[in-house]
Amino acid sequence: MKTDHCVTTALHSSLTAWFAAHARDLPWRRPEAGAWGVMVSEFMLQQTPVSRVLPVYEQWMARWPRPADLAAEPPGEAVRAWGRLGYPRRALRLHAAAAAIADRHGGEVPCDHAALLALPGVGEYTAAAVASFAYGQRHAVLDTNVRRVLARALTGVQYPPNATTAAERRLAQRVLPDDEALAARWAAATMELGALVCTARTPGCGRCPIAERCAWRLAGFPEHDGPPRRGQSYAGTDRQVRGKLLAVLREATAPVPREVLDRVWDEPVQRARALDGLVADGLVEPVADGVYRLPQRAPLP
DNA sequence: AATCCGTGGGC
DNA sequence: TGCCCAAGGAT
């Protein structure tokens with residue numbers, strides 16, 4: 001099936017015009033952010049709302065304005081500066097990516113999609129986002145916002161599948177503008193529409209620039225009928241214990257004895273498993289005889 | 001392919 | 001009040 005060329009062209013102009021009028025003034029969208037700023041923001045924004053990223057991003061960029069600045073410090077400093085953003089392995093991967101950029105790319109964030117994809121913590125989405133937002137290239141940028149907008153506007157369903165499918169990639173490629181600069185604006189605009197208007201819970205169709213052409217709206221807003229979109233529980237999991245352990249280590253200025261860490265969780269088996277997991281992940285470093293700290297040296301390759 | 005990996009805000 | 005959700009990636 002083919003979407004008519006005129007239809008997609010109308011979508012492009014409607015959405016990019018809306019974006020020009022309503023785009024948020026986010027720091028990583030300003031020219032001075034550069035590719036490094038875009039990359040830092042993309043790491044932080046993985047599964048994390050903009051409002052919580054903003055203050056951490058500003059401090060991060062002030063402290064480490066270039067990849068080499070971050071690479072020159074111990075990975076534990078990245079974990080500490082990450083604060084309570086969540087998923088602290090992202091901090092470790094961003095540090096490792098900075099080291100790779102300093103080592104293999106002359107200190108400049110690569111513009112090549114494959115080179116980006118090869119960096120730690122950079123997957124399909126982040127590689128496309130950096131290439132598109134920082135370098136103006138033409139890529140299908142499939143994040144949760146874009147996937148939801150395409151699912152509704154073009155496929156006519158309430159929610160996209162749980163994991164990105166080949167059909168979604170084909171659809172995104174098919175509606176991607178041919179022109180490189182326009183494609184980059186389209187990517188940012190569809191993402192912004194999903195974040196501000198076409199939201200998961202209660203979409204603001206009254207404010208949507210493409211509501212008249214939205215397949216989901218025209219179909220009468222059919223409810224999601226696939227398998228339940230089950231979120232993961234959190235209370236009582238290893239993740240919660242890991243979070244508590246790492247919070248203690250982030251705040252500490254000196255290595256922490258195990259007895260202090262033991263206070264964060266009652267159940268000893270799970271507590272030990274969580275700490276072992278953090279050590280295995282390189283988020284925590286055993287110093288000596290039951291004393292721990294954030295990692296001072298990068299894990300061996 | 002299904003699970004794991006943090007944290008907090010909104011409804 | 002729980003539950004859903006937030007610019008994913010790695011295994």
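We name chains A, B, ... by the order of the sequence lines, and we start the count at 1 in each one. The figures here come from the full heavy-atom set of this structure, side chains too, leaving out hydrogens, waters and symmetry mates.
Between the C1' atom of C:dA6 and the OH atom of A:Y234 lies a distance of 15 Å, rounded to the nearest Å. Between the CH2 atom of A:W82 and the P atom of B:dC5 there is a distance of 18 Å, rounded to whole Å. One interatomic measurement links the two molecules: CZ of A:R89 to P of C:dG8, which rounds to 16 Å at whole-angstrom precision. Atoms CG (A:L92) and P (C:dA10) sit 13 Å apart, rounded to a whole Å. At whole-Å resolution of the value, CG in A:L54 and P in B:dT7 are 19 Å apart. Whole-Å rounding puts the A:R147 CZ to C:dC5 P distance at 13 Å. Separating the CZ atom of A:R52 from the C1' atom of B:dG6 is a distance of 8 Å, rounded to the nearest angstrom. Distance, A:R201 CZ to C:dC3 C1': 8 Å, rounded to whole Å.
In this structure, A:Y159 reaches the sugar-phosphate backbone alone: every heavy-atom distance under 4.0 Å involves primed, P, OP1 or OP2 atoms, never a base. As judged by a 4.0 angstrom heavy-atom cut-off over every strand, A:L26 is placed among the base-contacting residues. Looking at heavy-atom distances under 4.0 Å, A:R24 makes contact with a base.
The base of B:dT7 has none of its N or O atoms less than 3.5 Å from a complementary donor or acceptor on the side chain of A:R239. You won't find any donor-acceptor pair under 3.5 Å spanning the side chain of A:S51 and the base of B:dG9, going by distance alone.
Between A:P257 and A:Y292, the closest side-chain pair of non-hydrogen atoms is not below 4.5 Å.
In terms of phosphate contacts, A:R93 brings no side-chain nitrogen or oxygen within less than 4.0 Å of OP1 or OP2 of C:dG9. For A:Q46 and C:dA7, the shortest distance from a side-chain N or O to OP1 or OP2 is not below 4.0 Å. The phosphate of B:dT7 has neither OP1 nor OP2 within less than 4.0 Å of any side-chain N or O from A:R90. A sub-4.0 Å separation between OP1 or OP2 of C:dG9 and a side-chain N or O of A:T126 is present.
Remark: A:R250 CZ is packed, more than 12 non-hydrogen atoms of other residues, nucleotides or ligands lying under 6.0 Å away.
A salt bridge links A:E73 with A:R63: at least one charged nitrogen is closer than 4.0 Å to a carboxylate oxygen.
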